[in-house]
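All values below were derived from every heavy atom in this structure, side-chain atoms included, with hydrogens, water molecules and symmetry-related copies excluded. Chain letters run A, B, ... following the sequence lines, proteins first and then strands; every chain starts at 1.
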Amino acid sequence: AVPRSVSLAADPAVISPQDPTLLIGSSLVATCTVSPDFPLKAADLYWTLNGRRLPATSYATLGPTTLSVALAHLNGSRQQSGDNLVCHSRDGGILAGSCLYVGLPPEKPVNITCWSKNMKDLTCKWAPGTEGETFLHTNYTLKYKLRWYGRDNTCQEYHTAGPYSCHIPKDLALFTPYEIWVEASNRLGVAVSDVVMLDLLDVVTTDPPPDVHVSRVGDLEDQLSVRWSSPPALKDFLFQAKYQIQYRVEDSSEWKVVDDVGNQTSCRLAGLRPGTVYFVQVRCNPFGIYGSKKAGIWSDWSNPTAASTPRSERAAGGCDPKGGEQNTTLRRELKQFFGWVKKHAYGCSNLGIKLYDQWRVWLQKSHKTRNQV
Amino acid sequence: GDSWGIFTFLCAALCNLPALPALNCSEELGAGQSIQQTYDLTRYLEHQLRSLAGTYLNYLGPPFNEPDFNPPRLARTERVPSATVDLDLWRGLTDNARLAANYRAYSRLLCYLRVLDGQVGTAELRHRLAHFCASLQGLVLSIGGVMSSLGYPLPAGPPAPPGAPLASNDFLKKMDDFWLLKELQTWLWRSAKDFNRLKKKVPPAVVTLRLEAREF
């Protein structure tokens, strides 16, 4: 369909004030004055705000071609692009419009937290000060400077870790404190957060420990041995690492945490249930880098690794006989099958009960995401 | 773009000399496929724009997002290439003229969209606009490819950039944005029909016959 459009040489009318910024609750009187070239009078005009006609009781005729409207106790703008106050001719045609920006000045951003991945960069996030909305578009700028030198720097890469975050990728110094703060600004004003002071070495985090292996301890029914490597990115730096392990039974969502692992790269889990599949994760805290006294920041957990405790032939108490037995029979058969495959089929040496356990982990994960969709 | 045009022109010229053996003008064989791709891209953009325009007009707020909204077009907003021409007039143009008009229009529309991208408030809208601009850039190149494969020269020079924004206040700018999106919708709708018709005019069979006629 070809739209019909009326082409006009000049602005048919002028609204005042044009695109004002106002505090919530304030009042406004706006005027619409028809251009001399147009054959319209004040009586031919009406107002709408965001598409809704305003009552004629709020109008006043200020001149032969000027109509005003009074707006009281304005609410915050319906959209951040501004409320649309429009002056119409009697037949509905648009003569002029003005965007009203009604809101609140920003509040100080709060809760600035930062972390450095492997001492290479710095990412900070913060929270906006206002519990509710300011109704106006608010710009956030993260700034930082070395404490002992004057120059302010501005962070450029925003939204890397959520909407209120920024990433500084390079040119950062170690062993020296930085001052960091966030400025929030909108049409009604500016608010500056408190300054946070930190040395990069105090907020170091790293990648999760790689090469996590979980294996049985001989025939012991209630134990599993966990091994991992220290994060390679920090291997050249002197640091003590703290590790944490968490593990859970396959069917449960309750994690048990082992806290006192220290800086070993192996640990034995004990007091486990026999013949049960466990999921295990490890994470690392690189504290004490270059002798820094502060704790570092915990890495993400490693991807879960699965393993199962052995189950003796003798019946053990405390398990659901039906389900448990079926599970054990299946596993026993699978183990025998894999053993046979190894002997008779070359090139299948990767098949084993461990691969089957990894598949169980994957199955649970994809089952969870399928349920979430 | 230009080197393709020259090469195609030479190829076509040489092909027409009776003294020479038939040259394999593979660009012409590609025309059918190239037109199909352009048609597909046009439909994809139509679909993308419907969703993008909906979100953008909601951002502008009522009355811009009301279904029958039809504001006046002030003289200054006519710098956006208008798709509203007489349909009979449009159909009466040659293929070359129609393709060239499409090429020029989308190049200019792309410029205006890029300016829009720089000014919009929300990060999500900016991201979607950027994605749409990239696809529209692809359409401009695709149309250029079709023109070259049919032996038409590309319209001269890059389009003049919009320069200083002409809308003197925020409300007029909202109206400009509305018309930009509306014209874009109409152009894409009509281009799809144009490319569909062009597809039927350049089937592979016709090209094969032309080559055979040139053999000794």
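- Applying the ring-ring contact (aromatic ring centres under 6.0 Å, His included) test to B/Tyr44 and every residue at least two apart in sequence or in another chain returns nothing.
- Proximity to chain B among residues 39-67 of chain A is limited to A/Asn50, A/Gly51, judged by heavy-atom separations below 4.5 angstrom.
- Contact record, A/Asn153 with A/Lys145: ND2-CA, 4.4 Å, taken as the closest heavy-atom pair.
- Scored by the disulfide (SG to SG under 2.5 Å) test, A/Cys99 finds no partners at all (sequence neighbours excluded).
- Counting heavy atoms from C-beta outward, B/Arg128 and B/Phe132 have side chains that stay 4.5 Å or more apart.
- For A/Asn118, the side-chain hydrogen bond (donor to acceptor under 3.5 Å, both in side chains) partners two or more places apart in sequence, or in a different chain, are A/Thr206, A/Asp207.
- Remark: A/Leu122 CG to A/His167 NE2 distance equals 8.0 Å, nearest 0.5 Å.
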